[in-house]
Protein chains: 2
Amino acid sequence: MTHVIDSKTIQHPHNHKSCLQQALHVAEQVCHQKGLRLTPIRRRILELICTSHKAIGAYELLDIFHAEDAKAKPVTIYRALDFLMEAGLVHKVESLNAFIACLHAESQHKSVILICTQCHNAYEMDAEPIYEQLFALSKSIQFTPHYLTLELQGICSHCAA
Amino acid sequence: MTHVIDSKTIQHPHNHKSCLQQALHVAEQVCHQKGLRLTPIRRRILELICTSHKAIGAYELLDIFHAEDAKAKPVTIYRALDFLMEAGLVHKVESLNAFIACLHAESQHKSVILICTQCHNAYEMDAEPIYEQLFALSKSIQFTPHYLTLELQGICSHCAA
DNA sequence: ATTGTAATGTAATAATATTACAATTTTATA
DNA sequence: TATAAAATTGTAATATTATTACATTACAAT
Ligand SMILES: [Zn+2]
Ligand SMILES: [Zn+2]
Ligand SMILES: [Zn+2]
Ligand SMILES: [Zn+2]
């Protein structure tokens with residue numbers, strides 16, 4: 001994975017339609033490749049998450065989706081989220097209890113999530129060297145690393161300007 | 001801060017009383033120094049968190065504390081937690097929605113929280129170089145870093161053995 | 001003593017997430 | 001194609017985590 005974030009594009013106003021198209025296209029590909037079923041519900045939830053770069057909560061998703069499908073319940077959303085996360089198409093932002101779409105699910109991820117506390121956008125940036133060092137460090141004390149939560153809050157370039 | 005974790009001690013069975021004493025002693029010092037009031041409730045909640053190295057949830061704390069003080073309500077716990085976190089005596093483990101005591105609150109912290117998914121113990125380890133690199137990386141794309149969430153799940157040396 | 005501030009009491013509610021079981025749809029295979 | 005197995009969705013209830021609002025009490029500073 002190259003730098004997923006590009007301060008010239010994602011942090012600033014940009015043609016967001018291409019983000020959405022990209023994410024959905026990759027999702028189709030990944031699911032086909034892994035033999036997973038991107039059902040209408042799952043696809044729609046992914047679309048809703050991709051609406052912006054702000055992390056979105058499960059109940060916000062429910063509010064929107066319920067207007068389209070009155071049968072939708074919390075578990076409808078959580079199931080879709082579980083599927084999408086399992087497939088690597090969506091990430092949970094633990095420090096916000098909210099979710100973002102992965103724009104580069106096709107490749108491996110060792111990323112940090114950058115969260116702007118002003119505009120509330122959240123994006124991934126490649127951080128593979130960080131993972132490697134941290135994993136090495138933990139191994140040096142006989143701790144076997146499995147999964148890293150790495151989220152950086154701050155002010156994005158657009159909001160700082 | 002030196003290495004807060006020591007695979008020879010905290011990860012393995014150890015005289016935990018000294019962890020507790022240490023944490024409470026430091027808490028007294030820190031509060032005195034910063035002009036903060038470590039009231040009986042706050043002190044007791046800290047003690048309860050220090051009971052073990054497992055991260056503990058707010059409602060687990062409430063269950064225990066309520067048995068000692070029938071007036072206790074959720075907000076009693078959350079207020080104490082807010083105070084303790086603000087004072088740097090307790091950290092929230094975002095990926096668990098639970099809390100741990102800081103054993104070295106007297107010094108600055110740039111730590112990673114190591115979480116064993118088997119025994120559920122959680123400890124801090126110094127990770128200052130990681131912070132520096134990540135902060136530098138974020139600045140290089142004009143993102144101003146404020147606060148890092150850094151939690152590593154895995155298997156501790158005791159459980160691996 | 002008086003007054004302002006911080007801490008706690010009390011009640012209600014909001015926000016996030018999971019469990020259990022039934023019905024339906026899809027997939028596999030006889 | 002018919003049938004069985006597996007995956008997905010429907011539905012209801014509930015569990016878990018966290019906050020808001022306002023009253024009261026304790027503490028600190030004049
Ligand atoms: Zn975009
Ligand atoms: Zn911003
Ligand atoms: Zn200990
Ligand atoms: Zn362990």
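First the proteins, then the strands, lettered A, B, ... as listed; each starts at 1.
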> In whole Å, what is the span from the CZ atom of B:Phe83 to the P atom of C:dA7?
Replying inline: 7 Å

> Which residues within residues 42-65 of chain B lie with some heavy atom under 4.0 Å of an atom in DNA chain C?
Replying inline: B:Arg42

>> Of the options C:dG9, C:dT18, C:dA17, whose atoms approach the side-chain atoms of A:Asn97 most closely?
In response: C:dA17

> In whole angstroms, how far is the P atom of C:dA15 from the CZ atom of A:Phe99?
Replying inline: 16 Å

> Who does C:dA28 pair with, Watson-Crick or G-U, both distances under 3.5 Å?
Replying inline: D:dT3

> CE of A:Met85 versus C1' of C:dA17: gap in Å, rounded?
Replying inline: 11 Å

>> Among D:dT9, D:dT11, D:dT19, which nucleotide has an atom closest to any side-chain atom of B:Val75?
In response: D:dT19

> Is there a side-chain contact between A:Asn121 and A:Leu114 (heavy atoms, below 4.5 Å)?
Replying inline: no

> Separation of A:His66 atom NE2 from D:dA12 atom P, in whole Å?
Replying inline: 11 Å

> How long is the gap from CG on B:Leu84 to CD1 on B:Ile41, to the nearest 0.5 Å?
Replying inline: 11.0 Å

> To the nearest 0.5 Å, what is the distance between OH (B:Tyr123) and NE2 (B:His53)?
Replying inline: 7.5 Å

>> Under a plain distance cut-off of 3.5 Å, with no hydrogens placed, do A:Glu124 and A:His91 share a side-chain donor-acceptor pair?
In response: yes

> Taking for each residue the nucleotide of DNA chain C with the nearest heavy atom, is it B:Asp69 or A:Tyr78 whose nucleotide lies nearer the 5' end?
Replying inline: B:Asp69

> Under 3.5 Å, is there a donor-acceptor pair linking the side chains of A:Gln153 and A:Ser95?
Replying inline: yes

>> Tell me which one of A:Leu96, A:Ile64, A:Val93 satisfies side chain to side chain contact (heavy atoms under 4.5 Å, CB included) with A:Ile56.
In response: A:Ile64

> How long is the line joining CG of A:Leu38 and P of C:dT26, in whole Å?
Replying inline: 14 Å

>> Could you identify the nucleotide paired to C:dT13, looking across every strand shown and requiring Watson-Crick or G-U wobble geometry with both distances under 3.5 Å?
In response: D:dA18

>> Any heavy-atom pair between the side chains of B:Arg37 and B:Arg42 that's under 4.5 Å?
In response: yes

> Nearest to the side chain of A:Thr39 - C:dT8, D:dT19, D:dT9?
Replying inline: D:dT9

> Is there side-chain contact between A:Ile77 and A:Phe65, with at least one heavy-atom pair below 4.5 Å?
Replying inline: yes

> Contact class for B:Lys71 vs. all strands (heavy atom < 4.0 Å): base, sugar-phosphate, or nothing?
Replying inline: sugar-phosphate

> Should the ring pair B:His14 and B:His16 be called parallel, tilted or perpendicular, given that the plane angle runs from 0 to 90° and is split at 30 and 60?
Replying inline: perpendicular

> Just by protein heavy atoms under 4.0 Å, how would nucleotides 23-30 of chain D read 5' to 3' in B, S and -?
Replying inline: ----S---

>> Between the side chains of B:Glu28 and B:Arg43, is the shortest nitrogen-to-carboxylate-oxygen separation below 4.0 Å, so that they form an ion pair?
In response: yes

> For B:Ile77 and D:dT20, what is the distance between atoms CD1 and C1' respectively, to the nearest whole Å?
Replying inline: 18 Å

>> Side chain of B:Lys73, heavy atoms from C-beta onward: which of C:dG9, D:dT9, C:dT10 has the nearest atom to it?
In response: C:dT10

>> Rounding to an integer number of Å, can you tell me how far B:Glu94 CD sits from D:dA18 C1'?
In response: 12 Å

> Can you tell me how far C1' of D:dA7 sits from NZ of A:Lys34, to the nearest Å?
Replying inline: 18 Å

